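Chain identifiers are assigned alphabetically (A, B, ...) following the order of the sequence lines, protein sequences preceding nucleic acid strands; residue numbering begins at 1 within each chain. Only a predicted model underlies this, so the values are computations on that prediction, with no experimental measurement involved.
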Amino acid sequence: MTERRYWLLKSEPSDYSFDDLMSEEDQTAEWDGVRNYAARNFLRDDIKVGDGVLYYHSMSKPNAVVGTAVVVKEGYPDDTAWDPDSDHPDPKSTSDSPIWYMVDIKGEKALKNLVTLQQIKATPGLETCSLVRISRLSVHPITQEEWDIIIGLGSGG
DNA sequence: GCCAACGTTGGC
DNA sequence: GCCAACGTTGGC
């Protein structure tokens, strides 16, 4: 019995925004460029096809969850690591022994209302979520309860 | 294996 | 631009 899990993925909108994702063919993109071991482990080991994704804009005005997506391909080697022309090359990672992993996600829909970091910090049930506690991580596991609260806030209810 | 120095992320 | 938090690196 596989249980659906939920994740929060961070991106700087000036780098790759939720609108950029929704503009892709099939609204699908590789989630590449993660160069942090904790985040890598989630991408490689834990994120499965069908898992729910909250798309969060960092370094933005405002910093906020802006939309939802779904995982359509699970952990596979991030080939941008050994592309010297990519944005995040890492010569230690090779196609024979990859270090970094990525997943593919498909954008679903923009939230009706942004759910800002301020709101998240001020909302009972969210104030201890991973995003608040470990702000530097780019991939966060979230619970179903946290997912439900954020979706509720985001749909204006 | 410890720890200091340094680099990066990201909120403010 | 500053600073806190945390990861990585390298000397010992």
Closest to the 5' end of DNA chain B, once A:His57 and A:Arg136 are matched to their nearest nucleotides, is A:Arg136
At a heavy-atom distance below 4.0 Å, which nucleotide of DNA chain B is the first touched by chain A, and which is the last? B:dG7 to B:dC12
Within the side chain of A:Ser14, is there an N or O that forms a donor-acceptor pair under 3.5 Å with the backbone of A:Glu12? no
Heavy-atom pair of closest approach, residues A:Ile99 and A:Arg40: O-NH1, 2.8 Å
Describe the nucleic acid contact of A:Ile134 in one word from base, sugar-phosphate, nothing, applying a heavy-atom distance below 4.0 Å. nothing
Select base, sugar-phosphate, or nothing to describe what A:Lys61 touches, counting heavy atoms under 4.0 Å on all strands. nothing
Do A:Asp104 and A:Tyr76 have side-chain atoms, one donor and one acceptor, less than 3.5 Å apart? yes
Same cluster (ILVMFWY, side-chain, under 4.5 Å), A:Phe42 and A:Trp31: yes
Determine whether A:Met102 and A:Val71 fall in the same hydrophobic cluster, where Ile, Leu, Val, Met, Phe, Trp and Tyr are linked whenever their side-chain heavy atoms lie under 4.5 Å apart. no
